[in-house]
Amino acid sequence: MKYLNELTKRKIFNYKDFIEIVGDDNLAKNTLQNYLEKGYIKRIKHNLYGVVSLETNECIADKFLIASNITDTSFISHHSAFEFYGYYNQVYYDVNVSSISKFNTFEFEENTFSLIKVSSTNFVEEIRGVKVTSIERTIVDSIKDSGKYCELEETLNCINMIPYISIKDILKYLKQINSKMLYKKVGIILSLFKDKLNIPDSFFDICHEVSDSIKGHFDKNKSAHVYNSEWKIFIYKDLKNYINKE
């Protein structure tokens, strides 16, 4: 148990980390196997280990910290980010993990960690050791990928719980993605929260200016869409009814 104090501080580690702690490759290999057999640590996946709580026999690291350490570029996003921030109240066992590097979907302690392949770690923050998309990127990503990782109703109700967003950061991220249709989608969704989030008219003017030359559908569920003439997009009718008013 000589090295457990240091490991407990880290909560989660890989083999390279363990060699640095122990100081010798052979000793690290033998000690790691010993700790696994005695139940002091668990193998989360190949080359990723977590320290076990003696009280619960589960890893000290929660699913968010685990997700942040799957690859060098992994971070939580979409509905998992909303959940991390406290805006998603249901118990959810599918963890959205965005990463530039690939990894195979795996299960650990009832949670399923699934890859969302991305090309950028911009607008990702580190909070208490957890890498997570900023609330602004979380909103835009969830709207962009609506129906894939987070249903529209869930996204709307999460946004409804948020007290403040940076419109400047929303626009910065939209500019980075550079999709005219996404400006339209984000514009019409955030228009539902214009008063609640104190969003200026100038934001919607920009969204209109960038996207008004094109038309399209909000997502693949085309049969459920109606035409919105203000935003020139086919989208669900009576969007405000999707928001839980309680």
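Criterion: ILVMFWY side-chain heavy atoms under 4.5 Å apart, direct or through other members. Under it, Ile235 and Tyr227 are not part of a common hydrophobic cluster. One hydrophobic cluster, built from ILVMFWY side chains closer than 4.5 Å, cannot hold both Ile100 and Ile76; they sit in different ones. Taking hydrophobic clusters as Ile, Leu, Val, Met, Phe, Trp and Tyr residues chained together by side-chain heavy-atom distances below 4.5 Å, Val52 does not share a cluster with Leu32. Under the 4.5 Å side-chain heavy-atom criterion for ILVMFWY residues, no single connected hydrophobic cluster contains both Ile116 and Leu182.
Contact annotation: the side chain of Asn198 never approaches that of Tyr164 to less than 4.5 Å [non-hydrogen atoms, C-beta and beyond]. Contact annotation: the side chain of Val118 approaches that of Phe75 to within less than 4.5 Å [non-hydrogen atoms, C-beta and beyond]. Using a 4.5 Å heavy-atom threshold, the side chains of Phe103 and Val97 count as touching. A heavy-atom distance below 4.5 Å is not found between the side chains of Tyr88 and Met161. A heavy-atom distance below 4.5 Å is found between the side chains of Ile70 and Phe106. Between Thr121 and Lys131 the shortest side-chain heavy-atom distance does not fall below 4.5 Å. Looking at heavy atoms from C-beta onward, Ile135 lies out of side-chain contact with Asp169 at the 4.5 angstrom threshold. In this structure, Phe203 and Ser191 have side chains that are not in contact, with every pair of non-hydrogen atoms separated by 4.5 Å or more.
Within 6.0 Å of NZ in Lys194 there are more than 12 heavy atoms belonging to other residues, nucleotides or ligands.
In plain terms, the two heavy atoms of Ile60 and Ser53 that are nearest each other are CG1-N, 4.0 Å. When all heavy atoms of Phe64 and Ser80 are compared, the closest pair comes out as CE2-O, 3.5 Å. Nearest heavy-atom pair across His217 and Ile233 is C-CG1, 4.3 Å. When all heavy atoms of Gly187 and Cys207 are compared, the closest pair comes out as CA-SG, 4.0 Å. The heavy-atom pair separating His225 from Phe234 by the smallest distance is ND1-O, 3.4 Å. Considering all non-hydrogen atoms of both residues, Ile66 and Ala61 come closest at CD1-O, 3.9 Å.
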Practice prompt. Please test Val132 against Val124 for side chain to side chain contact (heavy atoms under 4.5 Å, CB included), starting from the C-alpha separation and ending with a verdict.
Written response: CA-CA 5 Å; Val132 55; Val124 173; 5.9 Å; no
Item to complete: Test Lys16 against Glu20 for salt bridge (Lys or Arg N to Asp or Glu O under 4.0 Å), laying out the working first.
Response: CA-CA 6 Å; Lys16 182 180 178 181; Glu20 290 177 358; 5.0 Å; no
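Ring geometry for Tyr236 versus Phe218: interplanar angle over 60°, hence perpendicular rather than tilted (30 to 60°). Using cut-offs of 30° and 60° on the angle between ring planes, the pair Phe13 and Phe18 is tilted. Ring planes of Tyr3 and Tyr35: tilted class, angle from 30 to 60°.
Between His79 and the choices Asp94, Thr155, Asn96, the side chain to side chain donor-acceptor pair (under 3.5 Å) rule is met once, by Asn96. A side chain to side chain donor-acceptor pair (under 3.5 Å) with Ser77 is found for exactly one of Ser142, Ser98, Ser99, namely Ser98. Residue Val186 forms a side chain to side chain contact (heavy atoms under 4.5 Å, CB included) with just one option from Ile177, Leu171, Leu174, and that option is Leu174.
Of the N and O atoms on the side chains of Tyr149 and Asp141, not one donor lies less than 3.5 Å from an acceptor on the other residue. A donor and an acceptor atom, one from each side chain of Thr71 and Ser101, are nowhere located under 3.5 Å apart.
Within the structure, side chain to side chain donor-acceptor pair (under 3.5 Å) pairs that include any residue of residues 174-185 comprise Ser120-Gln176, Asn122-Gln176 (at least two apart or interchain).
The backbone N or O of Ile143 lies less than 3.5 Å from no partner atom in the side chain of Ser146, so there is not a single donor-acceptor pair. When atom types are taken as modelled, the side chain of Asn157 and the backbone of Tyr242 share a donor-acceptor pair closer than 3.5 angstrom. Panel note: side chain Asp145, backbone Lys148; no donor-acceptor pair is recorded below 3.5 Å.
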Listing, residues 41-51 side-chain donor-acceptor contacts under 3.5 Å, not counting sequence neighbours, or none:
from	atom 1	to	atom 2	distance (Å)
Lys42	NZ	Asn57	O	2.9
Lys42	NZ	Glu109	OE2	3.0
Asn47	OD1	Tyr15	N	2.9

